[in-house]
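In what follows, residues are counted from 1 in the order of the sequence shown.
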Amino acid sequence: MRLLKTALVAGALAVLSVTTIASAYAQDTKIGFIVKQPEEPWFQDEWKFADQAAKEKGFTLVKIGAEDGEKLMSAIDNLGAQGAQGFVVCTPDVKLGPGIVAKAAANNLKLMTVDDRLVGADGKPLEDVPHMGISATKIGEAVGQAIIDEIKARGWKMDEVGAIRVSYDQLPTAVDRVEGAISVLKAAGFKAGNIFDAPQAKTDTEAALNAATVVLNAHADIKKWVAFGLNDEAVLGAVRASESVGIPADGMIGVGIGGAESAINEFKKPAATGFVGTVIISPKRHGYETALNMYDWIANNKEPAKLTLTAGALAKRDDYQKVRKDLGIE
Ligand code: FCA
């Protein structure tokens, strides 16, 4: 009995010291979260949820915006110099893949990507780097379906409608998203010849507005339009362009992807605009979960899944609050 008691006490002490060590370790854990476009609400939300994970687990989160390759490379060196153990990144350019992997290794940092997956010199994804992205094709299809449903609800003749494909083809997830939408449009009888490419120089609203304006001016005979792109900003650019050439809100059907503040502000406007909906994706999963995955990798040696693809849910002016709540992002 005495022996048993001693063993129990020793066991309890062991547990205690492991816990103490673990929390001391958490305090020393430093994780970087680098994003390509810090001003975009989606990335602000990702950071917000990553912060939540940091608070819960007691690690330090270092948030860095890196709009180009040079900034990204020095951010990684910087994290190394600060004694960080790993980072999560949404890169400004996926082709930097091998360079990012090498930089991370040189700084002894664990690496995980979010949103935009790194590619190698052959254009194929770097499958060894753990990644969390959206189910791009499926979400694009949901956008296409929402557009078709709205075309029908408005009683438009498919043949008289033009489509603006706001594109950013150097990014594979962007291609998958718009091609998903196009496949549904075509299957519903949308004329392939009426789909026009509007290549944007950057993935923000201004670049999309410029690109979409060119398309609208080149096809001034078309009065009814739909628009899609890789995110809400792309579609908002197309919607703003349509307004600027005098197309009324009921002549435009734009459906975005994201559901962060850019879309919400649009839904809050007193009068409906041509931005009719968005497929809401989860910054909570992409921010909180990736940060937590990185923490578990560092602190508990638990490597993240190589590939996680998250889902989306369509929302419109009248139900976006509920959809956000259901996704746990209110
Ligand atoms: C890409 C886009 C972002 C967001 C994210 C999930 O990084 O640029 O706007 O849609 O994927």
Hydrogens and angles aside, do [X] and [Y] bring a side-chain donor and acceptor to less than 3.5 Å of each other?
X	Y	result
D149	Q145	yes
R177	T173	yes
Q85	K30	no
E46	Y288	no
E206	N210	no
Q200	S167	no
H286	T310	yes

Do the non-hydrogen side-chain atoms of [X] and [Y] ever get within less than 4.5 Å of each other?
X	Y	answer
F33	F87	no
W225	V215	yes
K57	L292	yes
E141	K138	yes
E40	N231	yes

For [X], does the [atom1] atom have more than 12 heavy-atom neighbours from other residues, nucleotides or ligands under 6.0 Å away?
X	atom1	value
K186	NZ	no
D221	CG	yes
E179	CD	yes
N108	CG	no

Does [X] share a hydrophobic cluster with [Y], counting links as ILVMFWY side-chain heavy atoms below 4.5 Å and allowing steps through other members?
X	Y	value
W42	L327	no
V161	I222	no
V323	I281	no
V175	V235	no
L236	V178	no

- Query: Can you tell which of L171, T91, V94, L307 makes a side-chain contact (heavy atoms from CB on, under 4.5 Å) with R117?
  - Reply: L307
- Report the residue from V35, T113, V114 that forms a side-chain contact (heavy atoms from CB on, under 4.5 Å) with V88. V114
- All salt bridge (charged side-chain N to carboxylate O under 4.0 Å, His left out) counterparts of D326, not counting sequence neighbours: K322
- Message: Salt bridge or not between E127 and K124? Use side-chain N to carboxylate O under 4.0 Å.
- Response: no
- Query: Step by step, would you call E289 with N293 a side chain to side chain donor-acceptor pair (under 3.5 Å)?
  - Reply: CA-CA 6 Å; E289 214 172 294; N293 288 343; 4.9 Å; no
Does [X] use its side chain to pair, donor to acceptor, with the backbone of [Y] at less than 3.5 Å?
X	Y	answer
D319	K316	yes
D232	I257	yes
E150	I147	no

- Can you list every ring pair (Phe, Tyr, Trp, His ring centres under 6.0 Å) pair that touches residues 252-271, not counting sequence neighbours? F267-F275, F267-Y320
- Check G69 against L96 and note the closest heavy-atom contact, atom names and distance. CA-CD1, 3.6 Å
- Message: Restricting to non-hydrogen atoms, name the atom on P92 and the atom on A66 that form the minimum distance, rounded to 0.1 Å.
- Response: CG-O, 3.5 Å
- Message: One pair to check against salt bridge (Lys or Arg N to Asp or Glu O under 4.0 Å): K63 and D51. What are the steps and the verdict?
- Response: CA-CA 9 Å; K63 291 170 283 193; D51 265 330; 2.6 Å; yes
